[in-house]
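Keep in mind that this is a model prediction, so the values were computed, not measured.
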Amino acid sequence: LFRSVLLTIAGIADGLSVWRSRPAPDAGQPGQAAQQPAVPTPVANNAPILTLPQLPASTALQVAADRPSIAVLPFANLSGDANQEYFSDGISEDLLTALAHFSRLKVIGRNSSFQFKGKSVDLREIGEKLGARYLLEGSVRRDGDNVRITAQLIEAVTGSHLWAERYDRPFKELFAIGDEVVNRVARALAVQILAAETVVVQRKPPEKMDAYDLTLKARALRIRGDRDSIFEARRLLERAIETEPTYAPAYAYLTQVLNNFNNNRWNDEYASPRTVERLLAVATRAYQLDPKDAYVLAQYGVALSSAGQFDQALTIAERAIAAGPNDADVLFAAANALTRGGRPERGIEVILAAYNIDPDNATTSNNNLAIGYFLIGQFTDAIAAGRTCVARAPNLTNCYLRLAAPLWAAGQQEEARAVVASLLRLSPDFNLAEEAGRLLVNFRDRTAIERYLAALRAAGVPERPIK
């Protein structure tokens, strides 16, 4: 019934990846007092980040054995008309087909799931028999020209309901309903299942963690965003790669973490060509292992732009968007590559789409929005994005830079100087020369970047020769 819908949402396929969506409150500890890991010894630029396994590009992705599994049970036909059975079965089958595209989600086959059709069986028993951690069930009721579709996600072990939704529409809007159901279910799975998985991982002793567990835990640390958490996330991801050398998500997520080191003045990896070489090598390995994964593609695009390979970065970024159009993390990363590659208008468009999916990701969205708006001369919008960035992430130097530049360009010099003063209190030895060296490589539009750097110089950001 919704085969045409699948062409649109096939890219959602890789939306359920271990680094996406926010953890449950007790998993990633946002809002709770959390024990911070000790600050690791900074890695010197002449030290290898890790020994990359020598694998051919054709090596297939080997998914961790305990990846989450889901069974789509046949939707119940509540129409009172046996002739409408095809309708409810069609919805179940199309949802199953769509979810089967998730590369790190094990979807139980139709024949196994449909053996319970019309039977009254305890959901926990179904989960045990099918080997499924999660169950998706629902019902369809058609009454004349109207139709009601319900769907709910259930944790099989406990029988707990994680998510539920109801759709009441005219029957003539059948295909719109199908699109809506599939998209919402996909998004809910990305949030709910991974939140539940993160809770489980946080309770595991370190010696029993596999690559999947380590990557999931690193993802939770990365969401915190502070220096100590990023260092620890890097350590866990390197361990994940050692544990499972063909696990592409670990490489892709490590690419993002290495970008944090390239963009922040935490050690001598900041704005370093060697750091860019490392993150490009790691991103390339992820791409070799799984060239269809949306997030792998997105981070590969960012890595290519970091290395100044803009044409290829743009191509890969658009492929990532096509593969994961409803995955906010994919869109944020792809937008970064687009903005750097000389298409800031398109980058802004994609960021806004991501923001609609994940409005809580204000730090990432507003940091990138601010530079994008500056590059196209929309200083009022850049200021608004910069203000939000500073408010949400007051310890990130980039946020202050993103705000100071458009303030100066818009003629608000006094406030621009005040923002720079705040920046220097946060990072007293900040050197614009280092930032300039990074940006002039990372961004294709050197003229626009020079305008950005000139505004920062005028606002009082110090620039000294690089030692």
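- The backbone N or O of Ser112 lies less than 3.5 Å from a partner atom in the side chain of Gln115, making a donor-acceptor pair.
- Rounding to the nearest 0.5 Å places CG of Leu396 at 6.5 Å from SG of Cys389.
- If you check the side chains of Thr397 and Ser427, you find no donor sitting under 3.5 Å from an acceptor.
- Under the 4.5 Å side-chain criterion, counting only non-hydrogen atoms from C-beta, Asn259 is in contact with Leu279.
- A salt bridge is defined here as a Lys NZ or Arg NE, NH1 or NH2 lying under 4.0 Å from an Asp or Glu carboxylate O, and Arg227 with Glu232 fails to meet this definition.
- Between the side chain of Thr275 and the main chain of Asn262, no donor-acceptor pair closer than 3.5 Å is present.
- In this structure, Ser113 contributes its side chain and Arg110 its backbone to no donor-acceptor pair below 3.5 Å.
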(request) Check the pair Arg346 / Glu349 against salt bridge (charged side-chain N to carboxylate O under 4.0 Å, His left out), numbers first and verdict last. (result) CA-CA 5 Å; Arg346 171 64 170 154; Glu349 174 191 355; 3.3 Å; yes
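- Contact of the Tyr134 side chain with the Leu162 side chain is registered, since non-hydrogen atoms from C-beta on lie closer than 4.5 Å.
- Scanning all heavy atoms of the two residues, the minimum distance from Ala385 to Ala370 falls at CB-N, 3.7 Å.
- No donor-acceptor pair under 3.5 Å is formed between the side chain of Arg141 and the backbone N or O of Arg148.
- Using a distance-only test at 3.5 Å, with no hydrogens or angles considered, a donor-acceptor pair links the side chain of Tyr400 to the main chain of Pro394.
- In this structure, Pro170 and Asn146 approach most closely via the heavy-atom pair CA-OD1, 3.8 Å.
- Open room surrounds CG on Asp145; 12 or fewer heavy atoms of other groups in view lie less than 6.0 Å from it.
- Annotation: side chain of Ile241 is not in contact with side chain of Tyr247 (no heavy-atom distance under 4.5 Å).
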(request) Step by step, work out the side chain to side chain contact (heavy atoms under 4.5 Å, CB included) result for Arg392 and Arg387. (result) CA-CA 9 Å; Arg392 294 293 297 268; Arg387 290 192 198 284; over 6 Å; no
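- Residues Leu331 and Val350 come closest through the heavy atom pair O-CG1, 3.3 Å.
- Interatomic distance, CG of Leu221 versus CZ of Arg235, reported as 9.5 Å (0.5 Å rounding).
- Side-chain contact, Tyr295 with Gln256: a donor N or O sits under 3.5 Å from an acceptor N or O.
- Annotation: the span from Ile371 atom CD1 to Asn442 atom CG amounts to 10.5 Å, rounded to 0.5 Å.
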(message) Between Tyr355 and Phe332, is the ring pair (Phe, Tyr, Trp, His ring centres under 6.0 Å) condition met? List the steps.
(response) CA-CA 8 Å; Tyr355 189 78; Phe332 282 130; 7.6 Å; no
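- Remark: side-chain polar atoms of Thr339 are not paired, donor with acceptor, to backbone N or O of Asn336 under 3.5 angstrom.
- If you take CZ on Phe231 and CG on Leu236, they are separated by 13.5 Å, rounding to the nearest 0.5 Å.
- In terms of heavy atoms, Gly159 sits closest to Arg124 at N-CG, 3.9 Å.
- We find the CG-CG distance between Leu135 and Leu153 to be 8.5 Å, quoted to the nearest 0.5 Å.
- In the model, Glu244 has a side-chain atom that pairs as donor or acceptor with a side-chain atom of Thr246 under 3.5 Å.
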(message) Is there a side chain to side chain contact (heavy atoms under 4.5 Å, CB included) between Arg438 and Val276? Walk through the geometry before answering.
(response) CA-CA 10 Å; Arg438 181 177 71 85; Val276 174; over 6 Å; no
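- Across Leu314 and Gly341, no two heavy atoms sit closer than the pair CD1-O, 3.7 Å.
- Distance check: Asp89 CG to Asn77 CG gives 8.0 Å after rounding to the nearest 0.5 Å.
- Classification of Arg166 and Asp168 as a salt-bridged pair holds, one side-chain N sitting under 4.0 Å from a carboxylate O.
- Using a 4.5 Å heavy-atom threshold, the side chains of Arg133 and Glu155 count as separate.
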(message) Assess the residue pair Ile108 and Val72 against the criterion (side chain to side chain contact (heavy atoms under 4.5 Å, CB included)); give the C-alpha distance rounded to whole Å, side-chain angles, the decisive distance to 0.1 Å, and a yes or no.
(response) CA-CA 7 Å; Ile108 307 302; Val72 179; over 6 Å; no
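- Ring orientation note: the planes of Tyr287 and Tyr300 are close to parallel, at an angle under 30° on the 30°/60° scale.
- Summarising the geometry of Gly347 relative to Ala335, their closest heavy-atom pair is O-CB, 3.4 Å, with the distance given to 0.1 Å.
- The shortest distance between side-chain heavy atoms of Leu214 and Leu237 does not fall below 4.5 Å.
- Between Asn366 and Val390 the shortest side-chain heavy-atom distance does not fall below 4.5 Å.
- Using modelled atom types, one finds a donor on one side chain and an acceptor on the other under 3.5 Å when comparing Arg340 with Ser306.
- In this structure, Glu125 and Glu128 have side chains that are not in contact, with every pair of non-hydrogen atoms separated by 4.5 Å or more.
- The residue from Ile126, Ile154, Leu136 that alone fulfils the side chain to side chain contact (heavy atoms under 4.5 Å, CB included) condition with Leu73 is Ile126.
- Counting heavy atoms from C-beta on, the side chains of Thr150 and Glu165 never come closer than 4.5 Å.
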(request) May I have the step-by-step check of side chain to side chain contact (heavy atoms under 4.5 Å, CB included) for Arg234 and Phe261, ending in yes or no? (result) CA-CA 10 Å; Arg234 173 175 174 165; Phe261 281 92; 3.5 Å; yes
